[in-house]
Amino acid sequence: MSDTGTRTATPPAENIVLSARGVRKRFADTEVLKGIDLEVRAGEVLCVIGPSGSGKSTLLRCFNHLEHIDAGRIRVDGELIGYEQHGPSGRTLRELRPRDIRRQRERIGMVFQRFHLFPHRTAVRNVMEGPVAVKGRTRAEAERQARELLDRVGLADRADHYPAQLSGGQQQRVAIARALAMEPTLMLFDEPTSALDPELVGEVLGVMRDLARSGMTMIVVTHEMGFAREVADRVLFIDQGAVVETGRPDELFTDPRHDRTRAFLSTVL
Amino acid sequence: MNTDMNPHGTAAGHAQAGAPDQDDDLALRVTRRPRPGHWLAVLAAALFTAWLAYTVIVNPHLHWDVVVDHLFDGVILEGLWVTVQLTLISMAAGVAIGVLIAVMQLSGSPVLRLTAGAYTWFFRGTPLLVQLIFWFNLALLFPVIGIGVPFDGPKFVEWQTNLVITGFVAALLGLSINEGAYMAEIVRAGIQSVDPGQREAGASIGMSNRRILTRIILPQAMRVIIPPFGNQFISMLKTTSLVSVIAGADLMTVSQHLYLANFEVIALLMVASIWYLVLTTLASVAQHFIERHYTPGAAPLRRRVLGDLVPGRTGRAQGADRTPAKEGAS
């Protein structure tokens, strides 16, 4: 489990998609991440739960370098995210060139709490944007793929609607399709159902469940304990910027080892 | 809902949206309250306008024949063309400068922000008239201009400033640079009106900052930028008349030249005004269509917001109840 040998060592490490080691992050005077260690294997669904302000969303945003980190390392498919080793004996981390950061982000899909669809583009054009503007696909090819993806999230008939003409749940499903269009190896979900009306939560979770079944590696920051219990392979409880405990959902939800986990679960379940 | 409302309304109270066969309330007709003051004001305004038009139109000192003669005069049309050119070029340059300055102002670098701030501060803070005269007289400060190594290094090419800076060029410089300072503020407001999440969404699919700006941010900023841009454009059409002080050869300049020769001051000012009105009217129409173009999702959005305010049939029925109740109470 040394810093360098992520691919060998213990048996489950052989197909690790994401690994975080000692990730620290501070905003001004407050340290929001106090040394996070974490591994996610290929095809695994990890749900991250915790009280608001615990740092779970910040952690997720570090995984595709939307946030800088102050210490530690994040690797996706063995590649250091956002930084390169630099200087004598490679002991310092220097931020990558923008071009390299963009290349890394292509492989890491992200779904936001408030969807952030491009309001001036129809659903299908939202999904096409990445493949056309970043991957240089032809419009025809990108459109064919985009319509397939919209069909997959159950929105084939809404492809030519603008975001303002769609419900929150539909917008979030388009956002998932937009992320999938980049053919990512890892999908990050930042409280994907928190901004939705209660009756629309189910349709988004349904799409995510299908995605999990198809073998996608997913990290989901969520308050949906039912979803975590049903779909997650592993649940991670974070409080005050540190991992309190992690375990299989049936263990963690029914028999938490820590009092803090127990206290948190009693407020949300 | 309707039955709840009934006890509160007066007998004449409610038009029934929900219950058609309630009682003879249905037979009531809703009328507007008469407003005599309103009609008085309309009459006064109409009379005043008619009188004003009359005094101008039948005024023997205003030579309409001269106006008509000069409206399509070749000299006037040439001046008109110069005005159009000045407006189009300096607005285009102004937008380019404005976007650049706005992006600098929003950048993370304090030096860039300071430079951009100084630009807006200076060119918005000094009169355009002063700037125009300054550019026209640039030769007094730099008799020769050229391309070469800065800080008194060797020069590769050099020109006499007076030959380069014609009235037209000085006018373009002054108008563009001044307009850039105003456009910078407009573009900055537009960019800042876009949700920062849009930038992150673009970044998360691997888009570059430049692509995010041109494909995601600016198209959305347009909705905020276009109305003040239209104002600036219309303002610019008329501001170009200032260049008459530096022999700009625009519509105003040529009108002045003509009336200094034939003393038909008012008639030629009329000619110029008519053409300025034609230009600004055309610009207003164009603005209307451009605004519509840049709000593709706007109509459905507006409908959706209204839909939220008026959630369902019950809400609308309430509204229908309330309005006539107010009328009936009078």
Side-chain angles (χ1 to χ4, degrees), chain A residues 60-61 63-67 97-123 125-136 160-168 174-175 177-184 187-188 190 195 197, chain B residues 103 106-109 112 187 190-227 229 289-312:
Chain A
L60 201 69
R61 292 160 56 82
F63 292 161
N64 67 350
H65 200 60
L66 280 182
E67 299 282 358
R97 288 177 303 181
R99 188 195 314 168
D100 295 320
I101 295 172
R102 294 202 297 269
R103 182 179 47 74
Q104 294 182 337
R105 283 178 180 151
E106 284 181 40
R107 292 182 291 133
I108 307 171
M110 184 151 195
V111 174
F112 299 87
Q113 182 178 348
R114 293 190 301 115
F115 334 134
H116 296 324
L117 289 183
F118 307 131
H120 58 305
R121 301 220 192 286
T122 58
R125 298 274 308 278
N126 262 278
V127 181
M128 288 164 62
E129 185 64 30
V132 170
V134 177
K135 288 193 161 181
D160 298 303
H161 286 53
Y162 283 96
Q165 297 166 302
L166 301 174
S167 74
V174 174
R178 178 176 68 180
L180 290 176
M182 297 303 288
E183 291 157 349
M187 283 283 285
L188 309 174
D190 186 4
D197 291 339
Chain B
V103 169
L106 296 171
S107 85
S109 152
L112 290 183
V187 173
I191 291 176
Q192 282 179 325
S193 76
V194 179
D195 185 339
Q198 291 290 311
R199 175 173 292 278
E200 291 192 344
S204 78
I205 53 173
M207 294 176 79
S208 67
N209 280 337
R210 194 171 50 84
R211 280 231 165 82
I212 291 172
L213 183 74
T214 55
R215 295 183 65 107
I216 309 295
I217 308 288
L218 284 180
Q220 294 181 56
M222 281 302 180
R223 280 175 67 168
V224 172
I225 291 174
I226 290 291
F229 170 84
F289 284 104
I290 293 171
E291 264 177 48
R292 236 180 27 182
H293 172 78
Y294 274 105
T295 47
L301 181 76
R302 211 175 300 137
R303 221 174 294 140
R304 222 166 65 97
V305 170
L306 282 179
D308 284 349
L309 291 176
V310 189

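Convention: sequence-line order gives letters A, B, ...; per-chain numbering from 1.
- Between B:Ser204 and A:Asn64, the shortest heavy-atom distance links the atoms CB-ND2, 4.0 Å.
- Scanning both residues, B:Arg215 and A:Ala133, for their nearest heavy atoms gives NE-CB, 3.8 Å.
- Nearest heavy atoms, B:Ile205 versus A:Val134: O-CG2, 3.4 Å.
- Of the inter-residue distances, the one linking A:Arg61 atom CZ with B:Glu200 atom CD reads 4.0 Å to the nearest 0.5 angstrom.
- Contact of A:Leu117 with chain B is made through the backbone alone, with heavy-atom distances under 4.5 Å.
- Between atom CD of residue A:Glu129 and atom CZ of residue B:Arg211 there is a gap of 9.0 Å, rounded to the nearest 0.5 Å.
- A:His116 places no side-chain N or O within donor-acceptor distance of the main-chain N or O of B:Gly202, the cut-off being under 3.5 Å.
- Looking at every heavy atom in both residues, B:Gly206 comes nearest to A:Arg102 through O-CD, 3.3 Å.
- Residues of residues 104-114 of chain A placed with any heavy atom under 4.5 Å of a heavy atom in chain B are listed by number as A:Arg105, A:Glu106, A:Ile108, A:Met110, A:Phe112, A:Arg114.
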